[in-house]
Every structure is written in C-alpha cells, then in structure tokens.
Q: 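Got a structure for you, questions after.
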Amino acid sequence: MPELPEVEVTCRGLRLHLLGRTVVTVRSSGKSLRQPIAEDLIRHCLCAKAIHAVERRAKYILIRFEGKAVLVVHLGMTGKLGVFPRDGEAAKHDHLALSLDNESELRFNDARRFGSVVVWPGDEAEELEQTFLARQGLEPFSAEFTGENLYELARQCRLPIKSFLMDSRRISGIGNIYANETLFAAGIHPLCPANSLSTEQWQDLATCAVRILKQAIAAGGSTISDFLGASGQPGYFQLQLAVYGKKGEECSQCGEEIEKEVIGGRATFFCARCQKRRHQG
DNA sequence: CGGCGCACCTGAGTGC
DNA sequence: TGCACTCAGGTGCGCC
C-alpha cells in the first residue's frame with residue numbers, strides 16, 4: 001500500500017491526534033512482523049512519555065517522545081497506523097496498540113506482516129538515527145533531489161530506470177505505483193538504462209516525480225485495495241492514475257493501448273508510443 | 001559489486 | 001461451495 005504519499009498522509013493524520021498525548025499502556029499481538037515486536041522494550045521506553053513529533057523519513061514514520069526515544073514504523077505492503085477510540089473493537093491483524101491519555105489508542109494493523117515497528121531508546125536514539133539516515137536514499141522533497149545529483153547517482157548503473165527509481169537505497173519513497181506514473185509523465189520508457197539519461201532528462205524526471213508525489217498527497221494517497229489514513233479515510237489518487245493497473249486501456253495522451261511487462265519482478269505499465277527508449281539530450 | 005530470483009505473509013480475485 | 005492458482009503498494013537475503 002504505502003509509498004511516500006501514503007506514508008506522508010498517515011503522518012499528517014497522526015500528528016493531529018498524537019501531538020502532546022502521553023502513552024499509558026502498550027500491548028502487542030505477540031506475532032512477529034518483519035522482526036519480532038519488542039513489546040517490553042517499547043513499554044519501558046514509551047510509557048508515561050509525551051509525544052513531541054511525528055515525522056516521515058523515506059517510507060518510515062518516526063514518532064518522537066519526551067526523553068528522546070523514537071518509535072520507528074514501516075508499513076510494509078499492508079500496514080496501517082491509525083488512532084481509534086480505546087474501547088472500540090480490535091480489528092483482525094492489529095499487532096501493536098499504544099493507549100493514550102485521552103481514551104484513544106494508536107494501533108498498528110498489518111495483514112501480511114511485512115511491516116516493522118522498532119523503538120530507539122532515548123540514550124541510543126541519536127546514534128541509531130544517524131545509522132538509519134545513512135542507509136536511506138535521496139528524499140524527493142529535499143534540495144538535493146536535483147538532475148545533477150541523480151545523474152551522478154545513476155552514472156555507473158545500467159539497471160532499468162524503473163528499477164533504479166524504486167531502489168530505496170538510492171531514492172526514497174518511490175514504489176511501484178509512482179515509478180510507473182512518473183515515467184509516463186516524463187515520457188521515458190521503463191527499460192531505459194539508468195545511466196543513459198542526461199542531466200536535463202534527470203531534472204525533468206525529478207520535476208515530474210515531485211509533482212506527482214505532491215498531487216498524490218493532496219488526494220490523500222492511493223487506495224488500491226486497502227490503504228486508509230490515520231483517521232480511517234481512504235485516498236483518491238487512484239482516480240488520477242494514468243498507467244498503473246491500466247493494461248489494455250487507451251493511453252490518455254495518444255490512445256495507444258497501455259502495455260504491461262514484468263521488470264525487476266514488478267508489474268510495469270507504460271505507453272510504448274509516449275514513452276521512448278532513446279532520448280536525445 | 002551488480003543484478004536477479006526469491007522469501008517473507010495473508011487475502012482477494014479468477015477459473016475450473 | 002471449494003479448491004488451486006495468481007497476484008498485490010516493500011524489503012532484504014543468498015547466489016551467480
């Protein structure tokens with residue numbers, strides 16, 4: 001479900017409910033996510049602590065607490081983080097709940113359990129965050145997300161441009177939906193080798209990516225099957241998708257049939273007429 | 001090191 | 001109704 005826009009929408013929703021609240025109790029399902037949930041450590045680090053900030057880094061949600069501890073959440077494919085009335089019914093696949101000091105509860109739900117929840121204790125948080133940040137790719141909304149930097153990053157890399165865009169160690173936040181949409185907007189074929197683009201083409205691609213990600217955030221993200229924001233609201237950007245999931249439909253620009261091909265193991269949608277393999281700088 | 005295939009897990013959809 | 005199979009928004013491992 002969650003690429004940068006969905007994670008950002010979740011963060012913004014959480015902020016409204018969580019800032020200034022204090023954690024009262026912690027409980028988990030006992031089921032393992034990508035790693036086991038360190039329930040006791042989470043309880044020890046977060047109970048009676050106030051929430052100071054909710055931030056996004058790449059596709060991670062960082063919830064910062066009084067005393068510097070940080071709860072780091074990744075939504076995986078089906079994860080949802082939301083705030084509910086404490087006495088409301090638990091949903092299937094709820095795996096962690098932090099009850100708060102106002103009768104509400106922060107819940108992490110994840111059917112496939114590809115997500116993760118980790119706590120950085122206050123006395124280690126700074127060091128752990130440095131290590132974490134060093135492993136993340138370029139942030140699309142940062143000043144460093146420029147044609148020149150992307151050109152440099154891709155210089156040695158012959159991967160298909162689509163696989164490059166989706167590589168979180170190189171670029172943060174762009175997954176399968178937004179890689180497809182960005183390449184269509186930029187008129188670039190997904191199999192184009194990453195190192196075949198000029199600085200100018202990279203700049204154009206960067207501009208398209210940022211525009212689409214911002215539009216998606218404004219639409220509340222994409223709800224393809226089950227994404228919901230922090231207050232349980234769906235997104236609507238799926239109504240604006242140009243190619244993702246549209247195999248066999250007419251291209252909105254030229255009327256040609258949208259094609260589907262598997263690239264790097266992921267479904268890839270494109271218009272072969274609008275998206276060319278070779279570009280003149 | 002680069003790039004590929006696959007594993008992790010559940011649920012929804014399809015075809016027989 | 002049920003079974004078998006495919007596919008899904010992400011990441012990270014082992015292997016060549």
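Residue numbers begin at 1 in each chain, while the letters A, B, ... track the order of the sequences. If you're wondering where the values come from, they're calculated on a predicted model, not measured in any experiment.
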Q: Assign the ring pair A:Tyr60 / A:Phe132 to parallel, tilted or perpendicular, where the plane angle (0 to 90°) is split at 30° and 60°.
A: perpendicular

Q: Dump every N/O contact between nucleotides 1-5 of chain B and the protein below 3.5 Å, one line per pair.
A:
unit_1, atom_1, unit_2, atom_2, d
B:dG3, OP1, A:Arg158, N, 3.3

Q: Assign A:Tyr178 to base, sugar-phosphate, or nothing according to its heavy-atom contacts below 4.0 angstrom with the strands shown.
A: nothing

Q: How many Å lie between CG on A:Asp167 and P on C:dC13, as a whole number?
A: 14 Å

Q: Are A:Phe114 and the base of C:dT11 stacked, counting only ring centres nearer than 5.5 Å and planes tilted under 30°?
A: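 Aromatic stack with C:dT11 absent for A:Phe114.
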
Q: Can you tell me how far P in C:dC7 sits from the matching atom in B:dG5, rounded to whole Å?
A: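 Per the computed distance, 15 Å lies between those P atoms.
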
Q: Measure the distance from CD on A:Gln35 to P on B:dA7 and round it to the nearest whole Å.
A: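 Value for this atom pair: 20 Å.
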
Q: Judged by each residue's nearest nucleotide on DNA chain C, which is more toward the 5′ side, A:Arg169 or A:Arg112?
A: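 It is A:Arg112, whose closest nucleotide lies nearer the 5' terminus.
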
Q: Which heavy atom in A:Ala209 sits nearest to a heavy atom in A:Ile174, and how many Å separate them?
A: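 For A:Ala209 versus A:Ile174, the nearest heavy atoms are CB-CD1, 4.2 Å.
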
Q: Reckon A:Arg266 touches a base, only the sugar-phosphate, or nothing at all at heavy-atom distances under 4.0 Å?
A: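 Base contact.
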
Q: Considering only the P atoms, how many Å lie between C:dC3 and B:dC9, rounded to the nearest integer?
A: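 Between the two P atoms, the distance is 23 Å.
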
Q: Is there a donor on the side chain of A:Arg113 or the base of B:dC9 sitting less than 3.5 Å from an acceptor on the other?
A: no

Q: Measuring from the side chain of A:Ser225 (C-beta onward, heavy atoms only), which nucleotide among C:dA8, B:dG11, C:dG9 has the closest atom?
A: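 Looking only at side-chain atoms, A:Ser225 lies closest to C:dG9.
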
Q: Checking contacts here: which listed nucleotide (C:dG10, C:dG12, C:dG9) is nearest the side-chain heavy atoms of A:Tyr60?
A: C:dG12

Q: Taking the side chain as every heavy atom from C-beta outward, state whether A:Thr10 and A:Leu14 have any pair of such atoms under 4.5 Å apart.
A: yes

Q: Just by distance, no angles: are the side chains of A:Lys162 and A:Asn176 close enough, under 3.5 Å, to form a donor-acceptor pair?
A: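 Distance-only check passes for A:Lys162 and A:Asn176.
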
Q: Could you check whether A:Thr223 gets within reach of a base, just the sugar-phosphate, or nothing at all, counting any heavy atom under 4.0 Å?
A: base

Q: Do A:Asp110 and A:Arg113 sit within salt-bridge range, that is, some charged N less than 4.0 Å from a carboxylate O?
A: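 A:Arg113 and A:Asp110: not salt-bridged.
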
Q: With respect to the side chain of A:Arg135, which nucleotide from C:dG12, B:dT10, C:dG9 is positioned closest?
A: C:dG12

